[in-house]
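I have placed the structure first, in the form of structure tokens, so that the comments after it can refer back to it.
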Amino acid sequence: MKKYNPQALEKKWQSLWLKDRIYEPNLDNAKKPFYNLMMFPYPSAEGLHVGNMYAFVGADICGRKKRMEGFDVFEPIGLDGFGIHSENYAIKIGKHPKQHAADSEKNFYRQLASVGNGFAWEQKLETYDPEYYRWTQWLFIQLFKAGLAYRKKAEVNWCPHCLTVLANEQVIAGECERCRTIVAKKQLEQWFFKITDYADKLLAGLDTIDWTEKIKIAQRNWIGKSEGAEIDFVLTGIRGQENGKHALKIFTTRPDTIFGATFCVISPELAQSWLDVGWQTSDDVRAYIKDALRCRAGADRRAEEKEKTGIFSGINAVNPATDKEIPVWVSDYVLAGYGTGAIMAVPAHDERDREFAQKFNLPVSDAPLIEFDEAIKKAGGKRTTNYRLRDWLVSRQRYWGAPIPMIWCDSCTKWMPEREENLPVLLPDVKEFRPTGTDKSPLANFPEFYQTTCPECGGAARRETDVCDTFLDSSWYYLRYLDPKNNKEPFSQDRARRWLPVASYIGGAEHSVLHLLYVRFISIALHDLKLADFAKNTGGEPMPRFRAHGLIIKDGAKMSKSRGNVVNPDEYLAVYGADVLRMYLMFLGPFDQGGDFRDDGIKGITRFLFRTWDYYVNEKRDASISNEVTGRLAHKTIKKVTRDMEELQNNTAISALMVLLTQMEREPDAFADSVFLLMLAPFAPFITEEIFAQRGSRETIHKGPWPQYDPAKTIDDTFQLVIQINGKVRDIVSVATDITEADARTLALAREKIKMALAGSEPKKTIFVPKKLINLVQ
RNA sequence: GGGCGAGUGGCGGAAUUGGUAUACGCGCAACACUUAAAAUGUUGUGACCGAAAGGUCAUGUGGGUUCAAGUCCCACCUUGCCCACCA
């Protein structure tokens, strides 16, 4: 009697697989490439947690099945280790980020190796490796050369806790995505990527890709395309100015409501710009503008809790539709960054305008609507399109990132990229890496870093001291995986053409408007710039199929360190082994739904694998034995499991395997014996490999072949005919599959139970559904 | 406030196209094995009535469509996620 000992056999197979390189596809010659990508983790404080493992295992199961179906599966893994998150943790534990990276790298790879995934370890990468970020810098330079990276002074989001600027996408309801601190506004000169140039392409591409609908909607909303009009309202009553000399340009998506516009509102920023060019106004108005701008800098303008404020500017505007003079107000409920920073207020149709009108006792006019284009014509406006999407702010005033490879020369008076042959611009190994709290990166304290020579005139010049947003690191990693040691080019075009676009991408939905938008933007831009051509057929879309996995919850809440409910897989792996933990996680529920991690459910899976072991290892039986019922069930199970796995419904696939095993234990069948093990292999790679070897195979089970079913054997000769009276089940009888309606009716009427229930009356109508039921309607 | 989901046993969850609601697993109960317990195995397990046969009621609530509704339509309640003064 051999005992199932998961720890010993898992260790053994891990090293044998590594030695035999069974998960390393031939990247240059693969005939049926299948790029199975999962979002790479950032090596966080706690190490790999069960939620990460859930995502990786779900993706791996899909890849393992493809490998058994004969595909050359490439399943790379790496670490997204640059960035504020890692740096903050390093600061907290008093380590240098570089040291922390080295430590967590070791721990992460050890954990990742233990979960039983078919990772292509030879292609691993880390974003903080100079050989990686050298090419992140190269990417920055290509965008700069194409005019897609630019430097601009603008109002930006500043996190007073992280002490850096943030991209719009990293501000959630006015708070820093990472630390939940209320974000302030600052006027700073920063590097931006022109993602807004790609708004339409990013929007159009969504219709062509097979992604979770939720993510597509989130991206559409984020891009926020709205069709509307810009209309000039002629201004009157400006002190010291002739009437009609100036006009106010407003943006509206509802020009059809223009007859109801009873006042205009401009943003404090627009008002300030008027002051800057000499607008003379009262001290009260000046005070309001100053105050509103200061509030914005302090960022206490979160929508819901704030009552509207504002002040009459003293200026009037002529509504071009009604020719009536209406007042122009200044209020911070109008945003500077959207449209023209000015609106016509229609309190009868817009809730915010109504609230404002009520507070300040402004007129409300329930004027009739007119047709959209007619309104624009009447008002002398023009159609325009506005986007919510802002350009991607990529500079960060922090240490732990790829230095932005740009140089400022005082004599050439311009920004220039570092020469590509000088890349990487190495992140210096400095002791004082903490954020400075000014608007400068810590690197600005190191002349030995920033003092350089101008790439054009050779004179003294100064390096940019900000570093790149981590999302730039992760915007192209899938390309580098194909060739992580390439020191001549960022990626191999040949390999990219062979392997890309990515066949299956799996990751968390929390990146719907961050990573998943940036990764599309960068790929589409690379195609436009002729720097890549691997996805010509998908319009540059790098990942035509994406699925979001659900979250693993513990005690009713998302796992987090502060709640103290993080589950580390190590302890479970030590007790139960990877096979049990993998299957347990998959059995919780559908992959896109996640589930609640609780110890009590593990028992069922443990029992199942022990039964499997006993069935194959300890119960010797005649290998030629065959059983009709079990054989047929095996064919049906292949059909169901194959389909369920394609839909990532691993929970029901596992339940079908449980049903099959129970039947095999009752009535063994040689065909079922062989296919059961193959179907179990993606879920429980270790135990199946061991049993396969013990049954005498010299090959790995993981190259398949995936079992095929005989469609004829999935159809039964008989079925359970449900007999209903008025839609209620009254009897069930086993009949031939091809029974006719007439025969079914006769049979049903002859049944004792039916006779009793009908009590002698004749059914008026009969509904017959082949292979399902007969319904007698009285 | 806007957008998108989800509400099914004691619990996690099943249910191809509208066609046997509660698969599979946990838990629970009885039995077997055992000196005993654990483990394992077998059987049972939505609620109510009934000795049984059988019946009635059950998929958040209330309506509707249909021979037939967890599934489709309308209204409402609860809840989760995303976005949020974007004119």
Side-chain angles (χ1 to χ4, degrees), chain A residues 172-174 212-218 220-222 224-226 228 250-254 257 261 265 267 301-304 306 308 331-335 337-346 349-353 355-356 386-390 509-510 512-513 550-551 553 558 583-584 587-590 592-593 595-605 607-608 610-611 614 639-640 643-644 647 649 651-659 662 665 720-732 753 756-757 763-778:
Chain A
I172 312 293
T212 312
E213 197 55 31
K214 221 177 147 169
I215 307 275
K216 288 197 194 183
I217 290 164
R220 273 189 206 109
N221 290 343
W222 189 259
K225 181 175 185 169
S226 46
I250 62 98
F251 173 74
T252 179
T253 54
R254 296 291 305 276
T257 64
V265 187
S267 62
R301 57 179 311 254
R302 276 182 298 166
E304 72 271 36
K306 203 178 167 211
K308 290 203 174 12
S331 171
D332 67 356
Y333 87 89
V334 172
L335 302 175
Y338 186 77
T340 59
I343 61 157
M344 63 174 197
V346 187
H349 285 278
D350 186 286
E351 199 137 325
R352 295 153 299 180
D353 297 347
E355 199 190 309
F356 193 80
N386 253 302
Y387 297 90
R388 221 188 86 108
L389 183 69
R390 296 280 95 92
E510 69 275 17
S512 52
V513 293
L551 288 176
I553 300 294
K558 192 175 162 178
M583 291 195 73
Y584 165 67
F587 195 56
L588 280 176
D592 59 358
Q593 254 176 53
D596 207 340
F597 189 94
R598 38 208 292 155
D599 294 10
D600 53 9
I602 293 185
K603 236 178 185 171
I605 294 290
R607 284 179 186 149
F608 174 65
F610 269 88
R611 272 166 60 202
D614 283 340
K639 187 177 176 185
K640 177 167 174 58
R643 200 195 57 217
D644 285 356
E647 302 300 317
Q649 276 152 12
N651 54 332
T652 49
I654 291 171
S655 92
L657 290 173
M658 287 172 165
V659 173
T662 304
E665 287 169 337
Q720 299 293 112
L721 176 72
V722 172
I723 305 171
Q724 297 181 332
I725 295 175
N726 294 334
K728 292 200 173 182
V729 180
R730 291 296 163 193
D731 202 1
I732 295 171
K753 284 183 189 168
M756 296 229 305
K764 285 198 200 90
K765 198 171 146 189
T766 307
I767 312 280
F768 177 69
V769 184
K771 286 186 239 169
K772 285 264 168 8
L773 57 78
I774 183 159
N775 186 9
L776 308 171
V777 185
Q778 278 181 301

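Values below: all heavy atoms of this structure, side chains included; hydrogens, waters and symmetry mates excluded. Bear in mind that the values here come from a model prediction, so they are computed numbers and not experimental data.
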Assess whether side-chain contact (heavy atoms from CB on, under 4.5 Å) is satisfied between A:R730 and A:Q724, documenting all intermediate values.
CA-CA 5 Å; A:R730 291 296 163 193; A:Q724 297 181 332; over 6 Å; no
Could you tell me the separation between the [atom1] atom of [X] and the [atom2] atom of [N], rounded to a whole number of Å?
| X | N | atom1 | atom2 | value |
| --- | --- | --- | --- | --- |
| A:I774 | B:rG19 | CD1 | C1' | 13 Å |
| A:R254 | B:rA87 | CZ | P | 11 Å |
| A:F608 | B:rC26 | CZ | P | 12 Å |
| A:K772 | B:rU20 | NZ | C1' | 10 Å |
| A:Y333 | B:rG1 | OH | C1' | 15 Å |
| A:D353 | B:rA87 | CG | P | 12 Å |
| A:I250 | B:rA87 | CD1 | P | 12 Å |
| A:D614 | B:rA39 | CG | C1' | 12 Å |

Using a cut-off of strictly less than 4.0 Å, decide whether [X] has a side-chain nitrogen or oxygen near OP1 or OP2 of [N].
| X | N | value |
| --- | --- | --- |
| A:R220 | B:rC4 | no |
| A:R388 | B:rC83 | no |
| A:K728 | B:rC57 | yes |
| A:K216 | B:rC4 | no |
| A:K640 | B:rA23 | no |

Please classify the glycosidic conformation of B:rG13 as syn (within 90° of 0) or anti (everything else).
anti
Take A:Y387 and A:R607, find for each the nucleotide of RNA chain B with the closest heavy atom, and name the residue whose nucleotide sits nearer the 5' end.
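Nearest-nucleotide comparison on RNA chain B picks A:R607.
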For A:D644 and for A:R730, locate the closest nucleotide of RNA chain B by heavy-atom distance; then report the residue assigned to the nucleotide nearer the 5' terminus.
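It is A:D644 whose nearest nucleotide is closer to the 5' end.
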Answer with base, sugar-phosphate or nothing: what part of the nucleic acid does [X] contact at a heavy-atom distance below 4.0 Å?
| X | value |
| --- | --- |
| A:V659 | sugar-phosphate |
| A:R643 | base |
| A:R611 | sugar-phosphate |
| A:E351 | nothing |
| A:S226 | sugar-phosphate |

Restricting to side chain to side chain donor-acceptor pair (under 3.5 Å), what partner residues turn up for [X], sequence neighbours left out?
| X | answer |
| --- | --- |
| A:T212 | none |
| A:K640 | A:D644 |
| A:D731 | A:R751 |
| A:K771 | none |

Quick check: does any side chain N or O of A:D353 sit under 3.5 Å from a backbone N or O of A:V346, one acting as donor and the other as acceptor?
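Yes.
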Side chains of A:N386 and A:K225 in contact at under 4.5 Å (non-hydrogen atoms):
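Not touching, per the 4.5 Å side-chain cut-off.
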Flag the pair A:R390 / A:Y338 as yes when at least one side-chain heavy-atom distance between them is below 4.5 Å, and no otherwise.
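Side chain of A:R390 against side chain of A:Y338, heavy atoms only: contact under 4.5 Å found.
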Counting a pair only when it is Watson-Crick or G-U and both distances are under 3.5 Å, which runs of at least 3 such pairs involve RNA chain B?
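So the stems come out as B:1-7 with B:77-83, B:10-12 with B:24-26, B:27-32 with B:40-45, B:46-49 with B:54-57, B:60-64 with B:72-76.
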According to ring pair (Phe, Tyr, Trp, His ring centres under 6.0 Å), who are the partners of A:Y584, at least two apart in sequence or on a separate chain?
A:F597
Could I get the full list of ring pair (Phe, Tyr, Trp, His ring centres under 6.0 Å) partners for A:Y387, not counting sequence neighbours?
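So A:Y387 forms no ring pair (Phe, Tyr, Trp, His ring centres under 6.0 Å) with any residue.
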Winner on side-chain proximity to A:S655, out of B:rU20, B:rA23, B:rA87, is B:rA23
Minimum-distance nucleotide (side-chain atoms of A:D332 versus B:rA87, B:rA39, B:rC85):
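The answer is B:rC85.
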How would [range] be written as a contact map, 5' to 3', with B for base contact, S for sugar-phosphate-only contact and - for no contact, using protein heavy atoms under 4.0 Å?
| range | answer |
| --- | --- |
| nucleotides 45-50 of chain B | ------ |
| nucleotides 5-13 of chain B | ------SBS |
| nucleotides 63-68 of chain B | ----B- |

Heavy-atom pair with the smallest gap, counting every atom of A:S226 and A:F251:
O-CZ, 4.0 Å
Assess the residue pair A:I732 and A:L721 against the criterion (side-chain contact (heavy atoms from CB on, under 4.5 Å)); give the C-alpha distance rounded to whole Å, side-chain angles, the decisive distance to 0.1 Å, and a yes or no.
CA-CA 6 Å; A:I732 295 171; A:L721 176 72; over 6 Å; no
Test of understanding: with salt bridge (charged side-chain N to carboxylate O under 4.0 Å, His left out), list the residues that count as partners of A:K639, not counting sequence neighbours.
none
Sequence neighbours left out, what passes salt bridge (charged side-chain N to carboxylate O under 4.0 Å, His left out) with A:E213? Give chain and number order.
A:R220
Can you check the distance between B:rG10 and B:rG60, where both ends of the measurement are the P atom (answer in whole Å)?
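Each nucleotide's P atom is 14 Å from the other's.
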If you apply the rule side-chain contact (heavy atoms from CB on, under 4.5 Å), what do you find for A:E351 with A:E355, and how did you get there?
CA-CA 6 Å; A:E351 199 137 325; A:E355 199 190 309; 5.8 Å; no
